[in-house]
Amino acid sequence: GGTVLNSVRVIAVYWGSSWTEPANLQLAGNIDRFLDVFLQSPAMGMLDEYSLPGMGIGHGQRIGSILISNEEPGSFGGNAVTDQEVQVSILRWISTGLSPGLAGDIAYLLYLPPGTTSSGPGLSCQDMCGYHGMVNGVYYAVIPFLNCPKCTFSGAVTVLDNITVVTSHELAEIVTDPSGASWWDSDTGEEIADICLGRTARMGAYLIQANWSANQGCCAVEPIAPSAGRMGAITLGGRCLLVDNQSVAEPAIDGARQIA
């Protein structure tokens with residue numbers, strides 16, 4: 001059967017010496033501030049509808065950020081970092097005490113520097129804009145430096161916008177489908193953020209992606225009963241993002257998919 005993360009604790013990892021450059025260091029600080037806001041937002045609260053018996057989904061928190069400037073991603077093959085290198089590196093950081101460890105609700109968000117391509121499940125900025133995975137019980141996501149046309153989203157005006165969209169996408173999927181065995185569309189295999197790919201909304205200063213709400217039957221950015229201070233977003237029926245100005249066919253969202 002599947003599992004979900006109860007109250008995700010996020011560690012942002014800025015990987016590579018380029019993150020020490022003033023403009024990128026400022027960007028990293030902006031990503032940290034986004035995480036602090038997003039993890040306590042109605043968009044995270046909406047994920048409660050995917051809670052499982054004995055495994056409720058609540059808000060999360062960023063518990064730390066790590067700057068790794070003494071090594072570069074891509075040492076296995078130039079400027080393309082493989083998923084194997086990502087996994088080996090995470091486990092090494094944990095074993096050497098650089099990062100906290102294996103506690104169940106921890107998720108590592110690895111932010112790649114400019115000029116580094118992820119060759120995880122496809123090439124970044126060509127086949128995908130980010131992905132999440134698991135190794136030895138450790139949950140992680142890889143978010144490239146998204147200054148490319150393929151990963152420039154509706155409403156985005158800065159690299160930060162593109163990064164916050166993909167971060168919100170991957171966080172929703174880490175929480176609701178951390179091991180690939182929980183919430184997904186039985187017809188397409190898509191997770192709740194994949195279904196709403198490219199449907200963005202402003203959460204204050206930050207651009208985020210909507211997720212599929214089974215309760216609302218649409219791509220949404222907050223729950224049916226939102227907390228005070230709604231996001232400014234184009235909505236349909238009060239909560240649902242318009243999808244190409246049409247209603248959205250409801251996918252069959254199932255739980256407990258078993259994977260190899």
Side-chain angles (χ1 to χ4, degrees), residues 12-35 37-38 43 72-74 76-83 85-86 109-133 140-174 185 188-212 219-221 231-234 241-246 248:
V13 180
Y14 300 98
W15 193 5
S17 59
S18 293
W19 285 108
T20 63
E21 297 173 5
N24 294 335
L25 200 59
Q26 182 179 24
L27 177 60
N30 289 334
I31 295 170
D32 282 351
R33 284 185 283 275
F34 163 73
L35 289 168
V37 172
F38 179 76
E72 300 297 328
F76 287 3
N79 292 325
V81 59
T82 66
D83 193 47
E85 180 181 11
V86 166
L109 303 186
L110 275 63
Y111 292 95
L112 301 182
T116 297
T117 299
S118 167
S119 61
L123 292 177
S124 59
C125 284
Q126 296 184 38
D127 307 309
M128 55 87 180
C129 301
Y131 70 95
H132 69 100
Y140 65 92
V142 175
I143 297 111
F145 197 91
L146 299 173
N147 57 349
C148 55
K150 174 74 174 180
C151 299
T152 296
F153 298 93
S154 175
V157 295
T158 64
V159 171
L160 176 64
D161 285 339
N162 294 328
I163 289 174
T164 57
V165 167
V166 174
T167 298
S168 64
H169 176 123
E170 299 304 335
L171 272 173
E173 294 183 343
I174 284 178
D185 180 350
T188 65
E190 293 180 327
E191 297 168 303
I192 66 166
D194 297 327
I195 295 167
C196 301
L197 188 65
R199 318 306 179 191
T200 60
R202 283 281 167 190
M203 183 186 71
Y206 301 112
L207 194 66
I208 65 171
Q209 189 196 293
N211 294 302
W212 181 260
C219 296
V221 292
M231 305 172 198
I234 300 174
L241 293 186
L242 292 170
V243 179
D244 298 331
N245 297 314
Q246 299 177 10
V248 189

### Close side-chain approach of Val81 to Trp15, heavy-atom, < 4.5 Å
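They are in side-chain contact.
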### Query
Mind checking whether Leu146 and Val165 have side chains closer than 4.5 Å, heavy atoms only?
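In short, these two side chains do not touch, never coming nearer than 4.5 Å.
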Rounded distance (nearest 0.5 Å) linking atom [atom1] of [X] with atom [atom2] of [Y]:
X      : Y      : atom1 : atom2 : answer
Leu197 : Met128 : CG    : CE    : 13.0 Å
Asp194 : Trp212 : CG    : CH2   : 13.5 Å
Arg199 : Phe153 : CZ    : CZ    : 12.0 Å
Ile143 : Asn162 : CD1   : CG    : 12.5 Å
Leu25  : Asn30  : CG    : CG    : 10.5 Å
Ser119 : Asn79  : OG    : CG    : 11.0 Å

### Task
Without swapping roles, check the side chain of Gln209 against the backbone of Ala193 for a donor-acceptor pair under 3.5 Å.
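Yes, the answer is positive, given that a donor and an acceptor are paired below the 3.5 Å cut-off.
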### Message
Between Thr200 and Ser154 (side chain of the first, backbone of the second, donor and acceptor by atom type, cut-off under 3.5 Å), is there such a pair?
### Response
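Such a contact is found between Thr200 side chain and Ser154 backbone.
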### Message
If the condition is side chain to side chain donor-acceptor pair (under 3.5 Å), which residues does Ser17 pass it with, not counting sequence neighbours?
### Response
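For Ser17 the side chain to side chain donor-acceptor pair (under 3.5 Å) partners, ignoring immediate neighbours, are Glu72.
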Considering non-hydrogen atoms only, spot the tightest contact between [X] and [Y] and give its length.
X      : Y      : result
Ala141 : Glu170 : CB-CB, 3.9 Å
Ser124 : Thr117 : OG-CG2, 3.4 Å
Gly155 : Leu207 : C-CD2, 3.8 Å
Pro144 : Gly130 : CD-CA, 4.1 Å
Ser18  : Asn24  : O-ND2, 2.9 Å
Ile174 : His132 : CG1-CB, 3.7 Å

### Message
I'd like to know whether Leu171 forms a side-chain contact (heavy atoms from CB on, under 4.5 Å) with Leu35, so could you lay out the CA-CA distance, the side-chain angles of the two residues, the decisive distance to 0.1 Å, and finally the verdict.
### Response
CA-CA 10 Å; Leu171 272 173; Leu35 289 168; 3.9 Å; yes
### Query
Would the number of heavy atoms belonging to other residues, nucleotides or ligands and lying under 6.0 Å from CD of Glu21 be above 12?
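Yes, enclosed.
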### Query
Would Val86 and Tyr131 count as a side-chain contact (heavy atoms from CB on, under 4.5 Å) if you check the C-alpha gap in whole Å, the side-chain angles of each, and the deciding distance to 0.1 Å?
CA-CA 12 Å; Val86 166; Tyr131 70 95; 4.0 Å; yes
### Query
Does the side-chain contact (heavy atoms from CB on, under 4.5 Å) test come out yes or no for Phe145 and Leu27, once each step is laid out?
CA-CA 11 Å; Phe145 197 91; Leu27 177 60; 3.5 Å; yes
### Task
Give the ring-plane orientation class for Tyr14 versus Tyr111, where under 30° counts as parallel, over 60° as perpendicular and anything between as tilted.
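Correct class here is parallel.
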### Query
Can you list every pair that meets salt bridge (Lys or Arg N to Asp or Glu O under 4.0 Å) and has a residue in residues 146-163, with sequence neighbours left out?
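Matches after skipping sequence neighbours: Asp161-Arg202.
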### Task
Show your working on side-chain contact (heavy atoms from CB on, under 4.5 Å) between Leu109 and Ile31 and close with a plain yes or no.
CA-CA 11 Å; Leu109 303 186; Ile31 295 170; over 6 Å; no
### Query
For Asp32, which residues count as a salt bridge (Lys or Arg N to Asp or Glu O under 4.0 Å) partner, sequence neighbours excluded?
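Asp32: salt bridge (Lys or Arg N to Asp or Glu O under 4.0 Å) contacts with Arg62.
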#### Entry: SG(Cys151) to SG(Cys129) below 2.5 Å
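A disulfide is present here, as the SG pair of Cys151 and Cys129 is separated by less than 2.5 Å.
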### Task
Could you walk me through whether His169 and Asn211 pass side-chain hydrogen bond (donor to acceptor under 3.5 Å, both in side chains), step by step?
CA-CA 8 Å; His169 176 123; Asn211 294 302; 5.9 Å; no
